[in-house]
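Here the structure comes first, spelled out in structure tokens, and everything after it is commentary.
Labels below follow one simple rule: chain letters A, B, ... track the order of the sequence lines, proteins then strands, and each chain is numbered from 1.
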There are 2 protein chains.
Amino acid sequence: MRFMSNLSSTSDEILASARNLIMSGGYNGFSYADISEVVGIRKASIHHHFPSKVDLVRELVKRYREDGETNVATLEQNVPDALGILSVYANHWAKCIEDASRPYCVCALLASELPSLPAEVATEVTAFFRFISSWLTSVMDRGSQQGTLILANAPEIEAEAFLATVYGAMLSARAYGKPEVFAVILQPALSRLTPSISH
Amino acid sequence: MRFMSNLSSTSDEILASARNLIMSGGYNGFSYADISEVVGIRKASIHHHFPSKVDLVRELVKRYREDGETNVATLEQNVPDALGILSVYANHWAKCIEDASRPYCVCALLASELPSLPAEVATEVTAFFRFISSWLTSVMDRGSQQGTLILANAPEIEAEAFLATVYGAMLSARAYGKPEVFAVILQPALSRLTPSISH
DNA sequence: CGTATTCTTCCTACTAGTTGGTAGTTTCCA
DNA sequence: TGGAAACTACCAACTAGTAGGAAGAATACG
């Protein structure tokens with residue numbers, strides 16, 4: 001047996017390279033051969049870790065959501081005010097897009113392909129969006145009660161609007177090939193929620 | 001020769017079915033065999049109309065943009081005020097998504113796959129977004145000067161923000177499988193731009 | 001301790017089906 | 001009679017996935 005919970009086991013490397021490939025071309029935009037090239041093992045060996053492509057991507061999205069849940073929990077602990085949380089979240093994506101490390105959300109790409117995705121993968125993708133949505137709703141709600149956020153609508157609606165802005169901005173940045181577009185769009189979205197003297 | 005500018009020539013049917021297929025699964029989500037089944041001709045016959053897949057999709061996106069330009073021109077003639085234009089635009093998408101006739105923008109899907117797209121297609125997709133963006137900027141600018149729109153930021157920024165909201169809302173509607181989400185998100189985005197007594 | 005045995009991981013070699021694309025032919029209509 | 005549009009019949013490359021074996025490490029057992 002390898003060292004327990006080895007930080008870069010082969011199966012982790014497979015998932016990581018699959019994530020990068022999906023991030024640029026979606027579910028049908030990569031093959032086991034592509035992964036094989038990146039990781040440096042044979043196609044058949046990938047099937048040992050993930051019997052089918054559906055297994056691979058289902059697990060990938062599941063972990064993506066779980067990682068998100070962990071990160072969100074940490075964020076909630078370290079940043080008290082709601083506005084701070086939203087801006088850390090936005091800045092996280094801004095940085096990922098600008099340094100090209102993770103220039104697009106895997107689930108955003110998979111969600112746009114949703115109707116043609118295997119059902120098991122689609123379920124997992126939908127679960128990711130429900131998670132982010134309910135988290136943002138709770139942040140909006142709390143901020144509104146704290147007085148650190150000014151909401152023009154119900155928390156659920158503000159959460160959906162903010163989420164749409166983030167993912168729309170991500171798409172625009174990619175469409176124009178200009179990473180800075182993301183921050184340009186997010187800045188007014190955040191300041192609209194900010195309590196200020198001019199209101 | 002067939003009737004001149006026949007409204008449903010074979011090549012139009014090919015483009016239409018390709019559009020529907022891309023709309024649900026993207027560039028790598030359909031094949032000539034899929035189109036062949038829908039249109040009712042053999043694979044090889046498609047190659048007669050569009051020698052390569054790149055030719056087909058390039059032409060498809062080119063026409064998609066040209067149709068957009070025509071529709072926008074008509075809209076500008078029929079609806080005078082800027083706010084009306086934005087709401088007609090938003091309602092157009094809301095209707096398309098809810099009656100499932102065109103539940104997603106072809107260029108949104110292609111834009112998310114942009115890094116893995118053939119260069120010739122990518123160029124055309126980028127051009128579509130530049131077109132929509134500059135059109136929305138002109139609408140924002142005009143509305144601001146007319147006083148029919150209230151802008152919190154420069155017209156370019158408001159245009160990008162609005163575009164991001166529309167495309168983000170489109171994604172959310174698809175991700176949740178709830179068409180009505182689109183309208184829920186767009187409504188506050190529009191009312192924020194609306195001059196009203198409470199301001 | 002040594003040594004069998006099992007388990008994991010990777011390998012080579014293969015399959016059936018699909019992909020985009022080509023060659024050459026027929027059909028049909030202006 | 002000539003061109004457009006369809007066809008049959010291919011092809012090489014690629015797809016996800018399988019079968020079966022080799023190497024090595026962990027474990028069980030005497």
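- Between B:I85 and B:W135 the shortest side-chain heavy-atom distance falls below 4.5 Å.
- By the 4.5 Å heavy-atom criterion applied to side chains, B:S24 and B:F30 are not counted as neighbours.
- Closest approach to the A:I41 side chain among C:dC10, D:dG17, C:dG21 is made by C:dC10 (side chain taken as heavy atoms from C-beta onward).
- Here B:F30 lies in heavy-atom contact (under 4.0 Å) with sugar-phosphate atoms only.
- Set against D:dA6, D:dT15, D:dC7, the side chain of B:R42 has D:dC7 as its closest nucleotide.
- When the C1' atom of C:dT9 is taken as reference, atom CD of A:E13 falls 13 Å away, rounded to whole Å.
- Nearest heavy-atom pair, A:R19 versus A:V106, reported as atom, atom and distance to 0.1 Å: CG-CG2, 3.4 Å.
- Among the heavy atoms of the strands lying under 4.0 Å from B:S45 is at least one base atom, whether or not backbone atoms are also near.
- With rounding to whole Å, B:I46 atom CD1 is found 11 Å from C:dT19 atom P.
- With D:dA6, C:dT19, D:dA19 as the candidates, the nucleotide lying closest to the side chain of B:H49 is D:dA6.
- Residue A:K53 places no side-chain atom within donor-acceptor reach of the base of D:dG17, judged by atom type and a 3.5 Å distance cut-off alone.
- Between B:T10 and the phosphate of D:dA6, there is a side-chain N or O to OP1/OP2 separation shorter than 4.0 Å.
- Of all nucleotides listed (D:dG17, C:dG20, D:dC7), C:dG20 comes nearest to the side chain of B:S31.
- Rounded to the nearest 0.5 angstrom, B:Y104 OH and B:I97 CD1 are separated by 9.0 Å.
- Comparing atom distances between the B:K43 side chain and each of D:dA16, C:dT19, D:dA6 picks out C:dT19 as nearest.
- When distances are taken from the side chain of A:Y32 to each of C:dA13, D:dG17, D:dT15, the shortest belongs to D:dG17.
- Residues B:Y27 and A:H48 both approach DNA chain C. Their nearest nucleotides, taken by heavy-atom distance, put A:H48 toward the 5′ side.
- Following rounding to the nearest Å, B:N28 (CG) and C:dT18 (P) show an atom-to-atom distance of 17 Å.
- The side-chain heavy atoms of B:L149 and B:L86, taken from C-beta on, include a pair separated by under 4.5 Å.
- Here the C1' atom of nucleotide C:dT18 and the CD1 atom of B:I35 are 15 Å apart, to the nearest Å.
- For the pair B:H47 NE2 and D:dT8 P, the interatomic distance rounds to 15 Å; values are reported in whole Å.
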